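Since the structure comes first, as structure tokens, the remarks are kept for the end.
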Amino acid sequence: MSVVALNVHLIIIVFIGIISSFIGTLAGGGGLITLPAMMLTGIPIQTSIATNKFSSGVAAFSSVFYLLHQKQLSLKTISQNVVIAILGGVAGALVTTHLSEKTMNVIAMLLLFFAFVVSVKNKGWIEKTQGDPQKSIHGRRTSFVLFSIAAYDGGFGPGSSTFGILYYMKKQETYLKAVQLTRVLIFGSCSGAFIIFYQSGFIQWSYALGMAFGSILGSQLGLLVLPKVPMKMAKGLLMTIMFFLIMQMGFKLI
């Protein structure tokens with residue numbers, strides 16, 4: 001590839017990272033944009049997945065650092081979520097090597113459809129102020145669910161942030177705190193998955209660093225906009241992302 005072509009690719013990748021991370025921070029579904037867009041630029045699927053895990057992890061880390069610095073989440077809460085998510089990310093990446101993409105698409109579509117139905121019926125989106133940053137919501141069942149979401153994200157990914165936001169809200173967290181906790185979860189799952197994908201040799205660092213730079217910008221923009229997002233708009237955005245994710249999975253199965 002010529003120097004000019006490589007530079008054009010990198011510029012495109014940075015913009016892809018900004019847009020996908022911004023949307024992904026607010027409602028999940030960033031992978032709906034990232035992977036197809038990277039593949040359209042001619043980047044192989046394996047490299048696209050590995051690059052996405054690296055950039056998503058770096059962007060989520062920048063979010064975690066911001067939330068910790070702003071004292072919006074406690075170190076204890078962050079540590080609990082990250083440990084579970086790293087283990088889940090490693091497990092998911094390992095399991096993926098034994099499952100076909102079609103099987104993963106079926107699982108994702110069923111889970112997303114279930115989440116979509118639950119969201120449609122849920123009239124009680126919480127609109128109170130942000131919850132207590134010191135509060136722990138962990139129990140065995142919660143830890144298992146978060147591990148499962150992290151494993152899904154580590155092995156595949158589309159919709160994992162959406163699952164995280166919806167689950168945290170089910171645990172009576174505000175939309176604002178649910179998004180913040182999901183950023184922590186994604187940081188852990190991507191870190192765990194990256195450990196496995198790095199061994200595959202599919203990382204191309206010029207693409208990975210470009211995507212990471214764009215993802216950091218998009219993630220920080222998302223966190224700045226987050227407190228100003230009305231509940232009605234947040235729910236509409238989540239529903240829209242879930243709908244397009246379900247459609248994407250459906251088309252892959254046809």
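None of these values were measured; they are calculated from a predicted model.
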Identify the heavy atoms of Leu68 and Ser74 that sit nearest to each other, and give their distance. CD1-C, 4.3 Å
Hey, are the side chains of Tyr168 and Asn81 touching, using non-hydrogen atoms and a 4.5 Å cut-off? yes
Any Val179 side-chain heavy atom under 4.5 Å of Tyr175 side chain: yes
Sort and list the pairs that fulfil salt bridge (Lys or Arg N to Asp or Glu O under 4.0 Å) and have at least one residue in residues 81-95, not counting sequence neighbours. none
Report the C-alpha separation of Leu185 and Tyr167 in whole Å, then their side-chain angles, then the decisive distance to 0.1 Å, and conclude whether the side-chain contact (heavy atoms from CB on, under 4.5 Å) test is met. CA-CA 12 Å; Leu185 190 70; Tyr167 184 73; over 6 Å; no
Could you work out, with ring-ring contact (aromatic ring centres under 6.0 Å, His included) as the rule, every residue matching Phe194, not counting sequence neighbours? Phe54, Tyr198
Shared hydrophobic cluster for Ile186 and Leu217 (ILVMFWY, side-chain gaps under 4.5 Å): no
Flag yes if Val184 and Leu224 sit in one hydrophobic cluster, no otherwise; membership is Ile, Leu, Val, Met, Phe, Trp, Tyr, and two members link when side-chain heavy atoms are under 4.5 Å apart. yes
Would you give the length of the straight line joining atom NZ of Lys177 to atom NZ of Lys171, rounded to the nearest 0.5 angstrom? 12.5 Å
Ignoring hydrogens and angles, write down the donor-acceptor pairs under 3.5 Å from the side chains of residues 84-95, residues two or more places apart or on other chains.
none

Leu181-Phe65 co-clustered via ILVMFWY side chain contacts under 4.5 Å: no
Evaluate whether atom CZ of Phe15 has more than 12 neighbouring non-hydrogen atoms of other residues, nucleotides or ligands under 6.0 angstrom away. no
Just do the side-chain contact (heavy atoms from CB on, under 4.5 Å) check on Ile78 and Phe187 with the steps written out, would you? CA-CA 10 Å; Ile78 290 173; Phe187 164 62; over 6 Å; no
Enumerate the residue pairs fulfilling salt bridge (Lys or Arg N to Asp or Glu O under 4.0 Å) with a member in residues 49-59, sequence neighbours excluded, ordered by first and then second residue. Lys53-Asp153
Between Ile165 and Leu221, is there a shared hydrophobic cluster once you connect ILVMFWY residues whose side-chain heavy atoms come closer than 4.5 Å? yes
Look up atom CG in Leu73 and atom CD in Gln180, then write down how far apart they are to the nearest 0.5 Å. 5.0 Å
If I take atom CD from residue Gln72 and atom CG from residue Leu223, how far apart are they, to the nearest 0.5 angstrom? 8.0 Å
Looking at side-chain heavy atoms only, is the closest gap between Val58 and Ser215 below 4.5 Å? no
All heavy atoms of Gly210 vs all of Ile13, minimum pair found to be C-CG2, 3.9 Å
Are Leu75 and Val82 connected in a single hydrophobic cluster, I mean Ile/Leu/Val/Met/Phe/Trp/Tyr linked by side-chain heavy atoms less than 4.5 Å apart? yes
Can you name the residues that form a side-chain hydrogen bond (donor to acceptor under 3.5 Å, both in side chains) with Ser219, not counting sequence neighbours? Ser63, Arg183
Set of residues satisfying side-chain hydrogen bond (donor to acceptor under 3.5 Å, both in side chains) with respect to Ser148, sequence neighbours excluded: none
Heavy atoms only: give me the nearest Thr182-Ser161 pair and the separation to one decimal. CG2-O, 3.5 Å
d(Phe61 CZ, Ser191 OG) to nearest 0.5 Å is 9.0 Å
